[in-house]
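Below you'll find the structure, written out as structure tokens, and then a few comments.
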Amino acid sequence: SGTSRPVRILHHVQKVAQYGDAQSVLSAVDSYCSKIEWAMNVGDLKGQILDAVVLETRPHYVLELGTYCGYSTVRIARLLPPGARLFSIEMNPQYAQVAREIIQHAGLDVDILVGCTSDLIPQLKKKLDIEKFDFVFIDHWKVSYLRDTKLLECDLLRPGSVLLADNVTCPGAPDYLHYMRTSPRYESQYFPSRLEYLSRGGGGALPGIKLLLNVT
Ligand SMILES: O=C(NCCCOCn1ccc2cnccc21)c1cc(-c2ccc(F)cc2)cc(O)c1O
Ligand SMILES: [Mg+2]
């Protein structure tokens, strides 16, 4: 098909979600990805963990690594107090544009930075007039989690900053997981969950088989 999966998700959101209503945007993405085609959004089950951590942290400066369609970006932004700033890094310009339109449909204001984390993170201090990030959501290349966390440690984190990472067991970020569990700099907590959109809601391709085909 001509369009990309994120574009098909955007069209669904624009068709069924109420403009300015973040919850209806999240529900539209979740119903599309449960019933029509799987996509790698953090999803509603893990999204509830994300919500709880954001609410507990009450962050003012937030960084997200891996925007994709902007689903987790909307999840985070809808819970931030006015004046808080959310920056999200996406390397794929097409995905970044879809995310901007989904975030706009939710009535939220987020800065999407297009590029690779390894290039952008060292520039953030200078580029953005911010001191430190209070909360970081990590959901990009699993092989880059540890390297980018160490880049963040060079002066973008403070005592009490919270990092939350998706997929540390599936697909997995074993080096990151080991580092966070053994480094004296961090208190680590593991939230057991399930891969997004796998509980069969009926309809749509059986995601397990499709996913395995994709993975192989
Ligand atoms: O791969 C995943 N996410 C990453 C996307 C690329 O991110 C690239 N990327 C985005 C900004 C950015 C900035 N710098 C460098 C790379 C940068 C990802 C994959 C799965 C998954 C699970 C099971 C399967 F069978 C197949 C896939 C699930 C997830 O929840 C994920 O998040
Ligand atoms: Mg993920």
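When a ligand or atom number is given, it counts from 1 through the structure's own listing order.
Residue contacts with ligand 1, taken as heavy atom pairs separated by less than 4.0 Å, do not involve Asn41 at all. If you look at Asn92 next to ligand 1, there are no close heavy atoms at all, none under 4.0 Å.
Under a 4.0 Å N-O distance rule, the pair Arg185/Glu153 qualifies as a salt bridge. A salt bridge links Arg78 with Asp51: at least one charged nitrogen is closer than 4.0 Å to a carboxylate oxygen. A salt bridge links Asp155 to Lys132: one of the charged nitrogens lies within less than 4.0 Å of a carboxylate oxygen.
Proximity of a side-chain donor or acceptor of His12 to a complementary backbone N or O of Val29 within less than 3.5 Å is not detected.
A donor atom on one side chain and an acceptor atom on the other are not found under 3.5 Å apart for Gln94 and Ser4. For the residue pair Asp139 and Tyr68, no side-chain donor N or O sits within less than 3.5 Å of a side-chain acceptor on the partner. In this model, a donor atom of one side chain and an acceptor atom of the other lie less than 3.5 Å apart for Asp148 and Thr117. Using modelled atom types and a 3.5 Å distance limit, the side chains of Ser88 and Glu64 yield a donor-acceptor pair. Lys142 and Tyr145 are linked by a side-chain donor-acceptor pair at a separation below 3.5 angstrom, with hydrogens and angles left out of the test. Judged purely by distance below 3.5 Å, without hydrogens or angles, the side chains of Asp44 and Tyr197 never pair a donor atom with an acceptor atom.
Set against the non-hydrogen atoms of Leu195, the atoms of ligand 1 under 4.0 Å away are 22 (C), 23 (C). Listed by atom number, the atoms of ligand 1 under 4.0 Å from Trp38 heavy atoms are 21 (C), 27 (C). Atoms of ligand 1 found under 4.0 Å from any heavy atom of Pro171, numbered from 1 in the order shown, are 19 (C), 20 (C), 21 (C), 22 (C). Each of the atoms 30 (O) of ligand 1 lies under 4.0 Å from some heavy atom of Asp166. In summary, the atoms of ligand 1 found under 4.0 Å from a heavy atom of Gly66, numbered by their order in the structure, are 10 (C), 11 (C). Near Asn167, the atoms of ligand 1 lying under 4.0 angstrom from a non-hydrogen atom of the residue are 28 (C), 29 (C), 30 (O), 31 (C), 32 (O).
At a threshold of 4.5 Å between side-chain heavy atoms, the hydrophobic network of Ile, Leu, Val, Met, Phe, Trp and Tyr places Phe87 and Leu157 in one connected group. Connection of Val162 to Leu65 is not established within any shared hydrophobic cluster, with ILVMFWY side chains joined at heavy-atom distances below 4.5 Å, either directly or through further cluster members.
Taking the centre and axis of the six-membered ring of Tyr190, the NZ or CZ atom of Arg181 falls inside the cone set by 45° and 6.0 Å.
Checking Lys142, Met91, Glu196 against atom 2 (C) of ligand 1, the nearest heavy atom belongs to Lys142. When the heavy-atom distances from atom 14 (N) of ligand 1 to Val114, Thr117, Val42 are ranked, the shortest goes to Thr117. Nearest to atom 32 (O) of ligand 1 by heavy-atom distance, out of Ile89, Asp119, Asp139, Ile138, is Asp139.
Inspection of the environment of the Mg ion (ligand 2) yields the following protein N, O or S atoms under 2.8 Å: Asp139 OD1, Asp166 OD2, Asn167 OD1.
A heavy-atom separation below 4.0 Å is not found between Ser144 and ligand 1. Contact between Gly115 and ligand 1 is present, with at least one heavy atom of the residue lying under 4.0 Å from the ligand. In this structure, Tyr197 falls outside the shell of residues with a heavy atom less than 4.0 angstrom from ligand 1.
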